[in-house]
Asks: 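Please find one structure pasted underneath; my questions will follow.
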Protein chains: 2
Amino acid sequence: MHIILLSGGSGKRLWPLSNEVRSKQFLKVLKNPQGESESMVQRVYRQIHEAELSATVTIASSCTQEESLRMQLGDEVNLVLEPERRDTFPAIALACTYLALEKKVTLDEVVVVLPVDVYAELDYFKTLKEMEKVVLSGDAEIALMGIEPTHPSEKFGYILPGVQKSSLVHSVKGFEEKPTITRATHLFEQGAYWNGGVFAFKLGYLVNNKDILPPFQSYSERYATYGLMKKTSFDYEVVSRCNSLAMVSYKGDWKDLGSWNVLTSVLESPSLGNSLIKEDQGNTHVINQLDIPVLALGTKNLVIAASYDGILVADLDHSSTLKEHAESLTKAPRYEEFLWGTSQVVDVPSGSKSRIRRLMISPNSQTKPLVNTQLLLHLVVIQGEGSVEIDSEINKIYKGEVVTISKGVTYSLISETELILLEVPIAD
Amino acid sequence: MHIILLSGGSGKRLWPLSNEVRSKQFLKVLKNPQGESESMVQRVYRQIHEAELSATVTIASSCTQEESLRMQLGDEVNLVLEPERRDTFPAIALACTYLALEKKVTLDEVVVVLPVDVYAELDYFKTLKEMEKVVLSGDAEIALMGIEPTHPSEKFGYILPGVQKSSLVHSVKGFEEKPTITRATHLFEQGAYWNGGVFAFKLGYLVNNKDILPPFQSYSERYATYGLMKKTSFDYEVVSRCNSLAMVSYKGDWKDLGSWNVLTSVLESPSLGNSLIKEDQGNTHVINQLDIPVLALGTKNLVIAASYDGILVADLDHSSTLKEHAESLTKAPRYEEFLWGTSQVVDVPSGSKSRIRRLMISPNSQTKPLVNTQLLLHLVVIQGEGSVEIDSEINKIYKGEVVTISKGVTYSLISETELILLEVPIAD
């Protein structure tokens, strides 16, 4: 089995913790069984291995997420990175082409596609095996996962099951997009399932099917012409046109961690970071990434999330509209994670154009080459030891030293111990 | 008439906007009739002048507030600064000694003492004139202001009026400390008044009365022995022992701006600073002094206050207990205002002891002499022009320059234009 994990998302629905460069799936707000922090993508990746599916895993993501994925999952994982963001159909097509032409996966092997931001039990992953069986048996060209609903919900699409073929497998009678609450109640009573956005099919069904995908001789050709592919969803482009569908049902915990409302419901502790919750009236959550304290006093049903990008205070029942409001607040991210360490904008003095950054470089690491576009750039070494490479010349740097970079000059920083620097640009 | 404005307060009840060096009375959250921002102390000072009382004004405050008072009220105002914080009796005694011995005010002139954090109409200040008349007429040695209550409240002390002497004046039958709500309802029905903490008396009643205050030959003698005076309130030490009291009543707007609950009720706009309030369920207030945005989404009856000292999210009905909770969060203030400008801690990198500050120095100003206690201190000039004085030697500094100060060296900064500097200490 070959699993394709879809790791997309614009990062606005969990503002201000997620942003353009740090999507929600990388937030380390969950806990693994050892009590250590883990992110959504780390959790799903761990569970896939725990479910012993003997599957390969390929992450279909955007090129902006490469460093985050490598940092969180290591160098072993296969990455298929979209050169630009489109929709699920092009992303899945690109990943399948990669499996067929680069990884030489044979066309009758089964591919299972699932989202990265799902919060589910191990049984969910074991259901993938059942989906593979249905496809391998030839009973259906595409198997879908149907989640047994616990209540009528207007937040999910529904699968209408047809004939029951075995304890877990039904044929598919039809689909419904996110319904009204009245319609959802009717669907719930009729025994419809939530559509989990999980698909299984033989690799050849997609890459050897001219009706769906024009054939390509090489992965690089597909990659180079990615920008020409239709922005359309896999549901619309492939599933809705397929006449041979089956649904494999799953019963158990299943949550889409895409909103504060849901995410806070799975957090083990009411607060993360420097915070104090007093006289709580119930269901107050604080997630604070700043170094100043947050005090929540007498609050109720609230999420308070603070990062260097902004501060959110939202009633949990209103968090679903966050995305549209956060759009207008999004500026260039102030905090970024790289393979070599982190960068944090600490001050933007009013009346000046200088963005002052603190760089923390992990021991024995090196930044990418950086270019100074300002009049001058002072690098103040606050702690640690290392070197600076300026125009191919390498010089040692020590605590307390100030290195000044002229305009247009390329530099790169190399650490021996952990290196903390303040980067102070002087504007024209 | 000589007005003594009591400007005390520990600054915890409006955390995180107020702190040890920046008390609530200096927060510029109110608006004057021209629509410009003003603080509590500026508002009261302006109203005293508008009421045309032909009074001198003396501010009784702590020495930690000198710069803030000078900045907000100018150089003309009389300041009497406690060398250490005690209670209202010593503070009023010190100010009266100052009036008698330094300002040579005659002992039969009337002194009126009032708090600085009151929010009232102009009639309130006109009532002070009535209080002066009562004292001058000899009808009472101390006149108190009784505020006509609008509802039973457990938050205030009460004055029980005796015989009515004129339309506004009663004798005083007794006092009650903050009552229970049942008792407050009874007092309200019986026609008791709120005790506004406003006192009028002849200067001689306090400074020429051995029973109350041991006599002193000079103000400096009183000042030098200030630390020996009893920590006790003027109510307890003077008013409760006086047999000749009158109450002058005031009817009109009157609020004690000491809690978020009350302060937010007088703000003209629901938000100050970089903020967005969406899907408000009623009575949401945001006061944001940070440069990152605050988004309030679907909230109700909430104050959100953010400063470089911390972030508060409080239900307005719970804000009265803020003081006790804020105590545990108070660290050295990160933002300070001086006569020469402002200082802002912008970063305290974890793993280092460096507090990195941004100094903004107003044009043509000079800092006090500062001593570098760290291993090294780099001053990076981000914008503007001026000079630095190091060990009595003055050198010009320009944008982009880095000045390095050695350990133990005294320096001071002098601006020509507005000067923005980053102060980067390197710890031992």
Side-chain angles (χ1 to χ4, degrees), chain A residues 15-16 276 278-279 281 288 290-300 302 304 306-315 317-319 321-322 325-326 328-329 331 334 344 346-352 354 356 358 360 375-376 378 380-383 399-400 402 404 418 420 422 424 426-427, chain B residues 15-16 276 278-279 281 288 290-300 302 304 306-315 317-319 321-322 325-326 328-329 331 334 344 346-352 354 356 358 360 375-376 378 380-383 399-400 402 404 418 420 422 424 426-427:
Chain A
W15 186 91
L276 206 57
K278 291 285 179 181
E279 301 173 31
Q281 301 301 298
N288 182 15
L290 299 174
D291 60 354
I292 56 175
V294 169
L295 169 59
L297 182 57
T299 51
K300 188 176 183 179
L302 214 62
I304 303 167
S307 83
Y308 289 93
D309 291 337
I311 300 163
L312 171 72
V313 181
D315 184 273
D317 297 331
H318 286 79
S319 64
T321 60
L322 174 58
H325 302 306
S328 66
L329 298 173
K331 298 272 161 55
R334 293 191 150 209
Q344 168 69 58
V346 296
D347 195 30
V348 185
S350 68
S352 103
S354 298
I356 297 162
R358 182 223 307 141
M360 299 190 82
L375 184 64
L376 277 181
H378 296 301
V380 186
V381 185
I382 293 183
Q383 192 134 307
K399 185 172 95 164
V402 182
T404 300
E418 186 188 50
I420 305 177
L422 206 68
V424 189
I426 307 295
Chain B
W15 185 91
L276 206 56
K278 291 285 180 183
E279 301 174 29
Q281 302 300 298
N288 182 16
L290 299 174
D291 61 354
I292 56 176
V294 168
L295 169 59
L297 182 57
T299 52
K300 188 176 181 178
L302 214 62
I304 303 167
S307 82
Y308 289 93
D309 290 337
I311 300 163
L312 171 72
V313 180
D315 184 274
D317 296 331
H318 287 79
S319 64
T321 59
L322 174 58
H325 302 306
S328 66
L329 297 173
K331 300 272 159 57
R334 293 190 149 209
Q344 168 68 57
V346 296
D347 196 29
V348 186
S350 68
S352 103
S354 297
I356 297 162
R358 182 223 309 140
M360 299 189 82
L375 183 63
L376 276 182
H378 296 301
V380 186
V381 185
I382 293 182
Q383 192 134 308
K399 185 173 95 165
V402 181
T404 301
E418 187 188 51
I420 305 176
L422 207 68
V424 189
I426 307 295

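Lettering of chains follows the sequences in order, A, B, ..., and the numbering in each one begins at 1.
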Asks: Does any backbone or side-chain atom of A:Thr404 lie under 4.5 Å from a heavy atom of chain B? Answer side chain, backbone, both or neither.
Replies: neither

Asks: Quick one: of A:Val402, A:Asp317, A:Asn288, who has the most non-hydrogen atom pairs under 4.5 Å with chain B?
Replies: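 Maximum pair count with chain B is reached by A:Val402.
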
Asks: Relative to chain B, which of A:Ser307, A:Pro293, A:Gly310, A:Ala314 shows the most heavy atom pairs under 4.5 Å?
Replies: A:Pro293

Asks: Counting only N and O atoms by type, is there a donor-acceptor contact under 3.5 Å from the side chain of B:His378 to the main-chain atoms of A:Gly400?
Replies: yes

Asks: Checking heavy atoms, do the side chain of A:Gln281, its backbone, both or neither come under 4.5 Å from chain B?
Replies: side chain

Asks: Kindly compute the distance separating CG (A:Leu290) from CG (B:Leu290), expressed to the nearest 0.5 Å.
Replies: 8.0 Å

Asks: Pick from A:Glu279, A:Gln344, A:Lys399: which one has the most heavy-atom pairs with chain B under 4.5 Å?
Replies: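 Most pairs with chain B among the choices: A:Glu279.
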
Asks: How many angstroms lie between atom NZ of B:Lys278 and atom CG of A:Leu322, to the nearest 0.5 angstrom?
Replies: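 Rounded to the nearest 0.5 Å, the NZ-CG separation comes to 12.0 Å.
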
Asks: Could you tell me which of A:Val381, A:Leu375, A:Leu312, A:Leu376 has the largest number of non-hydrogen atom pairs under 4.5 Å with chain B?
Replies: A:Leu312

Asks: Using heavy-atom distances under 4.5 Å, tell me whether A:Val380 contacts chain B through its side chain, its backbone, both, or neither.
Replies: side chain

Asks: To the nearest 0.5 Å, how far apart are CD1 in B:Ile356 and CG in A:Leu422?
Replies: 4.5 Å

Asks: Could you measure the distance from the CG atom of A:Leu295 to the CD1 atom of B:Ile311? Nearest 0.5 Å is fine.
Replies: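 Rounded to the nearest 0.5 Å, the CG-CD1 separation comes to 10.5 Å.
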
Asks: State the CD1-CG distance between A:Ile420 and B:Asp347, to the nearest 0.5 angstrom.
Replies: 9.0 Å

Asks: Nearest heavy-atom pair of B:His318 and A:Gly298: which atoms, and what distance?
Replies: CG-CA, 3.6 Å

Asks: When rounded to the nearest 0.5 angstrom, what distance separates CG in A:Leu302 from OG1 in B:Thr299?
Replies: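 Taking CG in A:Leu302 and OG1 in B:Thr299, the distance rounds to 7.5 Å.
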
Asks: With a 4.5 angstrom heavy-atom cut-off, which part of A:Ile426 approaches chain B: side chain, backbone, both or neither?
Replies: side chain

Asks: Can you say whether A:Ile304 sits under 4.5 Å from chain B via the side chain, the backbone, both, or neither, judging by heavy atoms?
Replies: side chain

